[in-house]
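Beneath this line is the structure, given in structure tokens, with notes to follow.
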Amino acid sequence: MLFDNVTTNPDGAPEITIQELKSKLPKGGFKLIDVRRPDEYTGELGHIEGSRLVTLETDFENTLPTLNKNETFVFICRSGKRSTNATLYAMQAGFKNVYNLEGGMLAWCEAP
């Protein structure tokens, strides 16, 4: 397993912490999908370098079928709710290695 400290949030989505993601970023082996709106992605919280913007409300449903179900994806949003929905949706679509980033960009920006 790529991530060592995976938990499941109350909605049933596999979840990783900011610290877990930061420790694995240099090694890679996964893709970051930010599901916020474009104005949020470029706004005050910014985005994680290397992440791909796929807005949940407008692009996600059409983009998901184009992704490789065998790859590992971490979904990101502002606080973790939309990325939880994206994670659950991807799981329903047959993706096995998908994770929500606990706390989203709010937690990312506060983390040391």
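If you're wondering where the values come from, they're calculated on a predicted model, not measured in any experiment. Computation of the quantities below employed the complete heavy-atom set of this structure, encompassing side-chain atoms and omitting hydrogens, waters and symmetry-equivalent molecules.
- Phe73 and Tyr89 fall within the same hydrophobic cluster, where Ile, Leu, Val, Met, Phe, Trp and Tyr residues are linked whenever their side-chain heavy atoms come under 4.5 Å apart, directly or through other members.
- Clustering ILVMFWY residues whenever any of their side-chain heavy atoms sit less than 4.5 angstrom apart, transitively, puts Phe95 in a cluster other than the one holding Val74.
- Contact of the Asn85 side chain with the Val35 side chain is not registered, since no non-hydrogen atoms from C-beta on lie closer than 4.5 Å.
- Put simply, CG on Leu2 and NZ on Lys27 are 9.0 Å apart, with the number rounded to the nearest 0.5 Å.
- A ring-centre distance under 6.0 Å is not found for Phe30 and Tyr99.
- Scanning all heavy atoms of the two residues, the minimum distance from Leu64 to Ala93 falls at CD2-CB, 3.8 Å.
- For the pair Asn5/Thr17, no side-chain contact is recorded, criterion being any heavy-atom separation below 4.5 Å from C-beta on.
- The OG atom of Ser51 sits 8.5 Å away from the CD1 atom of Ile33 when rounded to the nearest 0.5 Å.
- Counting only distance, with no hydrogens or angles, the side chain of Asn97 and the backbone of Thr72 share no donor-acceptor pair below 3.5 Å.
- Looking at every heavy atom in both residues, Met91 comes nearest to Gly12 through CE-O, 4.2 Å.
- Placement of Leu45 and Leu21 within a single hydrophobic cluster is found when ILVMFWY residues are connected by side-chain heavy-atom separations under 4.5 Å, directly or transitively.
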Exercise for the section: Could you please spell out the steps behind the salt bridge (Lys or Arg N to Asp or Glu O under 4.0 Å) verdict for Arg78 and Glu40? Expected result: CA-CA 8 Å; Arg78 181 178 181 273; Glu40 292 176 290; 5.2 Å; no
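- The minimum heavy-atom distance linking Leu106 with Ser79 is given by the pair CD1-CB, 4.0 Å.
- Of all heavy-atom pairs between Thr87 and Pro14, the closest is CG2-CD, 3.9 Å.
- Within 6.0 Å of NZ on Lys24 lie more than 12 heavy atoms contributed by other residues, nucleotides or ligands.
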Practice task
Could you go through the side chain to side chain contact (heavy atoms under 4.5 Å, CB included) check for Arg82 and Phe75 one step at a time?
Solution key: CA-CA 9 Å; Arg82 283 175 284 177; Phe75 296 107; over 6 Å; no
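- Leu101 has its side chain within reach of Ile48: a pair of non-hydrogen atoms, C-beta onward, lies under 4.5 Å apart.
- More than 12 heavy atoms of other residues, nucleotides or ligands lie within 6.0 Å of NZ in Lys22, so this atom counts as buried by the packing criterion.
- With rounding to the nearest 0.5 Å, the separation of CG in Asp11 from NZ in Lys81 is 4.0 Å.
- Glu15 CD to Phe3 CZ: the interatomic distance, rounded to the nearest 0.5 Å, is 12.5 Å.
- Counting only heavy atoms from C-beta outward, the side chains of Trp108 and Ile76 never approach each other to under 4.5 Å.
- Judged by distance alone, the side chain of Thr42 and the main-chain N or O of Pro38 form a donor-acceptor pair under 3.5 Å.
- Taking hydrophobic clusters as Ile, Leu, Val, Met, Phe, Trp and Tyr residues chained together by side-chain heavy-atom distances below 4.5 Å, Val6 does not share a cluster with Leu88.
- Enclosure of atom CD in Glu61 is not indicated, since only 12 or fewer non-hydrogen atoms of other residues, nucleotides or ligands lie within 6.0 angstrom.
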Side-chain donor-acceptor contacts of residues 52-60 below 3.5 Å, not counting sequence neighbours, with atom names and distances?
| from | atom 1 | to | atom 2 | distance (Å) |
| --- | --- | --- | --- | --- |
| Thr55 | OG1 | Arg36 | O | 3.1 |

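- Between Gly104 and Ile18, the shortest heavy-atom distance links the atoms O-CD1, 3.9 Å.
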